[in-house]
> 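Questions regarding the structure given below will be posed in turn.
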Amino acid sequence: MRLVCTECGQELALATRRWRCECGGVFELAERPRFRPEAINAESFSLWRYRAMLPALKEPISLGEGWTPLVPAHAYKREFLAKLEFLAPTGSFKDRGTTVLVSFLRELGVDAVVEDSSGNAAASLAAYCARAKIRCRIFVPAHASPAKLAQIRAYGAELIPVEGPRENASLAAQQAAQRSYYASHVYSPLILEGTKTIAYEVWEQLGGRAPEAMLFPTGHGTLLLGAYYGFRDLFDAGLIEKMPALYAVQSQACAPLAKVFHEDLAGLPDVPQGETIAEGIRIRRPVRWRAILKALRETGGGVITVSDDEIIAAQRELAHQGLYVEPTAAVAVAGLREGPGERSIVIPLTGSGLKAHHK
Ligand SMILES: *Cc1c(COP(=O)(O)O)cnc(C)c1O
Ligand SMILES: [Zn+2]
């Protein structure tokens with residue numbers, strides 16, 4: 001498999017330690033596996049049932065991730081199907097991408113990685129690295145959530161606090177990556193190969209159909225883009241007639257995608273990193289913003305913004321139906337309020353309430 005830069009088109013072997021192109025562009029896979037329904041391993045109840053459609057790996061590092069339940073729920077007098085991503089091994093959907101990335105890293109012979117994240121991405125990486133016996137160092141903003149830090153530490157990862165804004169932790173990790181491997185959820189295209197399996201699962205769980213719409217809490221858009229790729233694979237294989245409309249839901253306080261989408265800007269605008277309870281999507285510069293816009297436009301979806309009060313109300317409404325999620329995960333449900341016109345809607349509940357801040 002090969003990587004290709006989305007900016008300058010330069011190609012590179014997948015087996016590289018480079019995490020982005022010399023020109024600063026991000027990599028995607030030059031070609032992606034096709035979806036073949038007959039190749040599904042029906043005896044596997046993890047996302048590795050789609051192994052034939054994943055990058056070829058000798059031995060997956062798996063904790064049983066994926067194949068999450070789809071259960072009926074409601075909010076704002078609307079029915080939807082909730083995909084319980086918070087039941088993943090480390091409590092968030094991030095495990096879908098991590099299992100693929102860490103399996104690849106072990107095959108590449110990587111014995112130490114670095115990453116920057118204050119939360120779920122780091123917890124997920126730390127868990128899979130523990131499983132693969134890869135040394136893991138995480139650069140975290142000094143103000144990160146204590147429950148998430150405790151989880152990361154429990155897996156045996158080394159935590160390095162970095163003062164100042166969130167970007168400082170990224171810069172510190174990228175610096176350290178010169179002598180290690182930057183196992184980034186944001187930059188690695190293998191992450192999207194893992195997250196695409198959510199689309200395959202929804203399609204199987206609906207009896208071989210796609211929903212009319214899906215809503216995602218969106219920061220860097222790794223779940224939204226994965227779903228886009230997954231449904232496009234199904235579409236290309238002639239298994240669905242129409243792509244679901246994909247909606248990115250962002251916090252009003254930090255909504256770069258809303259601005260670039262609604263104002264049809266040529267470049268990503270500089271937005272303030274406002275305060276929001278949705279810490280998992282407080283992302284000023286989504287690296288794959290162009291690909292996200294294309295996915296939204298092509299599927300007839302869009303961007304919805306919500307306030308912290310609406311997020312808290314949605315989180316409470318979910319809890320009153322037995323679904324305990326972190327505020328970031330409630331963002332997409334809050335988006336139903338001014339939500340889309342489609343009737344059959346699937347919303348992934350991306351992260352567990354057990355490790356969130358309690359207010
Ligand atoms: C990471 C995360 C998100 C956002 O994912 P992106 O890939 O940044 O869009 C949403 N919810 C939870 C719980 C997360 O951990
Ligand atoms: Zn390039």
> Using 0.5 Å steps for rounding, measure from the OG atom of S103 to the CD1 atom of I61.
5.0 Å

> Under the salt bridge (Lys or Arg N to Asp or Glu O under 4.0 Å) rule, what pairs show up with a residue in residues 265-278, not counting sequence neighbours?
D270-R284, D270-R285, E275-R282

> Atom CZ of R106 and atom CD1 of I134: how far apart are they, to the nearest 0.5 Å?
7.5 Å

> For a 4.5 angstrom cut-off between non-hydrogen side-chain atoms, does Y228 reach K294?
yes

> Take atom CZ of R18 as the centre, draw a 6.0 Å sphere, and report whether it contains more than 12 heavy atoms from other residues, nucleotides or ligands.
yes

> I'd like to know if the side chain of E28 reaches the main chain of L3, judged simply by a donor and an acceptor atom lying under 3.5 Å from each other, with no hydrogens or angles considered.
no

> Please report the shortest heavy-atom distance between L349 and A82, naming the atom on each side.
CD1-CB, 3.7 Å

> Please determine whether a side-chain nitrogen of the Lys or Arg among R49 and E204 lies less than 4.0 Å from a carboxylate oxygen of the Asp or Glu.
yes

> Please name the pair of heavy atoms, one in T90 and one in Y155, separated by the smallest distance, quoted to 0.1 Å.
CG2-OH, 3.6 Å

> Considering only heavy atoms from C-beta outward, does the side chain of W67 approach that of T197 to under 4.5 Å?
no

> Does a side chain donor of either E342 or Y247 reach within less than 3.5 Å of an acceptor in the other side chain?
yes

> Given the rule in the side chain to side chain contact (heavy atoms under 4.5 Å, CB included) test, do L81 and I347 qualify, once you have shown the distances and angles that lead to the verdict?
CA-CA 6 Å; L81 289 170; I347 301 181; over 6 Å; no

> Taking a hydrophobic cluster as the set of Ile, Leu, Val, Met, Phe, Trp and Tyr residues connected by side-chain heavy atoms closer than 4.5 Å, whether directly or through intermediates, do L206 and L223 fall within one such cluster?
yes

> E193: what forms a side-chain hydrogen bond (donor to acceptor under 3.5 Å, both in side chains) with it, not counting sequence neighbours?
R32, K196

> Decide yes or no for P37 and L239: does some side-chain heavy atom of the first lie under 4.5 Å from some side-chain heavy atom of the second?
yes

> I'd like to know if E201 pairs up with K83 as an ion pair, taking the criterion as any Lys NZ or Arg NE/NH1/NH2 lying under 4.0 Å from an Asp or Glu carboxylate oxygen.
yes

> Between E31 and M1, does the side chain to side chain contact (heavy atoms under 4.5 Å, CB included) criterion hold? Intermediate values first, please.
CA-CA 7 Å; E31 2 25 272; M1 267 190 178; 5.8 Å; no

> Of all heavy-atom pairs between R343 and E212, which one has the smallest distance, and what is that distance?
N-OE1, 3.1 Å

> Can a donor-acceptor pair be found between the side chains of D308 and Q252 at a distance below 3.5 Å?
no

> Is there side-chain contact between Q151 and K355, with at least one heavy-atom pair below 4.5 Å?
yes

> Examine distances only and state if a side-chain atom of R51 and a backbone atom of L57 form a donor-acceptor pair shorter than 3.5 Å.
yes

> So which heavy atom on G221 is nearest to which on I292, and how close?
CA-CD1, 3.9 Å

> Report whether Y181 and L125 are members of the same hydrophobic cluster (ILVMFWY, side-chain heavy atoms less than 4.5 Å apart, transitive linking).
yes

> May I have the list of side-chain donor-acceptor pairs in residues 5-13 shorter than 3.5 Å, sequence neighbours left out?
{"residue": "T6", "atom": "OG1", "partner": "V26", "partner atom": "O", "Å": "3.0"}
{"residue": "E11", "atom": "OE1", "partner": "R2", "partner atom": "NE", "Å": "3.0"}

> To check you understand the geometry: which heavy-atom pair defines the closest contact between L246 and T299, and what is its length?
N-OG1, 3.1 Å

> Taking the side chain as every heavy atom from C-beta outward, state whether H220 and V287 have any pair of such atoms under 4.5 Å apart.
yes

> Tell me whether I345 shares a hydrophobic cluster with V249, the cluster being built from Ile, Leu, Val, Met, Phe, Trp, Tyr side chains joined at under 4.5 Å.
yes

> Are Y182 and V110 joined in one hydrophobic group, where the rule is that I, L, V, M, F, W and Y side chains link up if heavy atoms are under 4.5 Å apart?
no

> More than 12 foreign heavy atoms under 6.0 Å from CD of E38: is that the case here?
yes

> Hey, are E317 and Y76 close enough side-chain-wise for a donor-acceptor pair under 3.5 Å?
no

> I'd like to know if the side chain of E85 pairs up with that of T68 as donor and acceptor (distance under 3.5 Å, no hydrogens or angles considered).
yes

> For residues 256-268, tabulate all N or O donor-acceptor pairs below 3.5 Å that involve a side-chain atom, not counting sequence neighbours.
{"residue": "K259", "atom": "NZ", "partner": "E263", "partner atom": "OE1", "Å": "3.4"}
{"residue": "K259", "atom": "NZ", "partner": "E263", "partner atom": "OE2", "Å": "3.3"}
{"residue": "H262", "atom": "NE2", "partner": "V303", "partner atom": "O", "Å": "3.1"}

> Tell me, with the steps shown, if K94 and T350 meet side chain to side chain contact (heavy atoms under 4.5 Å, CB included).
CA-CA 8 Å; K94 298 289 196 302; T350 49; over 6 Å; no

> Quick one: sort the W203 and F35 rings into parallel, tilted or perpendicular, breaks at 30° and 60°.
perpendicular

> Under 3.5 Å, side chain of T195 to main-chain N/O of R96, donor-acceptor pair present?
no

> Answer yes or no: is there a donor N or O on one side and an acceptor on the other, between the side chain of E65 and the main chain of L63, under 3.5 Å?
yes

> I'd like to know if the side chain of T218 and the backbone of A248 have a donor-acceptor N/O pair within less than 3.5 Å.
no

> Using modelled atom types only, decide if a donor and an acceptor are shared between the side chain of Q273 and the backbone of C254 within a distance under 3.5 Å.
no

> Taking the side chain as every heavy atom from C-beta outward, state whether F86 and E326 have any atom pair closer than 4.5 Å.
no

> If only side-chain N and O atoms count, and only distance matters, is there a donor-acceptor pair under 3.5 Å linking T99 with W48?
yes

> Are V325 and V333 close enough, and set up right, to give a side chain to side chain contact (heavy atoms under 4.5 Å, CB included), and what steps lead you there?
CA-CA 11 Å; V325 302; V333 175; over 6 Å; no

> Using the six-membered ring wherever Trp is involved, compare the ring planes of Y50 and Y200 and label them parallel, tilted or perpendicular (cut-offs 30° and 60°).
perpendicular

> Membership question, hydrophobic clusters at under 4.5 Å side-chain separation (ILVMFWY): are Y128 and I191 in the same one?
yes

> Kindly indicate whether the side chain of V140, heavy atoms from C-beta on, has any atom under 4.5 Å from the side chain of I160.
no

> How long is the gap from SG on C136 to CD on E115, to the nearest 0.5 Å?
8.0 Å

> Working to the nearest 0.5 Å, report the span between OG of S92 and CG of L87.
11.5 Å

> What are the two closest non-hydrogen atoms of T328 and E279, and how far apart are they?
OG1-N, 3.5 Å

> Rounded at 0.5 Å granularity, tell me how far CD1 in I138 sits from CG in D116.
8.5 Å

> Looking at side-chain heavy atoms only, is the closest gap between S251 and V331 below 4.5 Å?
no

> Is a side-chain donor or acceptor of N168 paired with a backbone partner of E163 at a separation under 3.5 angstrom?
yes

> Is R288 reaching over with its side chain to a backbone N or O of Y187, donor-acceptor style, under 3.5 angstrom?
yes

> What residues form a side-chain hydrogen bond (donor to acceptor under 3.5 Å, both in side chains) with S124, not counting sequence neighbours?
D95, T98

> Would you give the length of the straight line joining atom CZ of R316 to atom CD1 of I311, rounded to the nearest 0.5 angstrom?
13.0 Å

> What pairs with E241 under side-chain contact (heavy atoms from CB on, under 4.5 Å), at least two apart in sequence or on another chain?
none

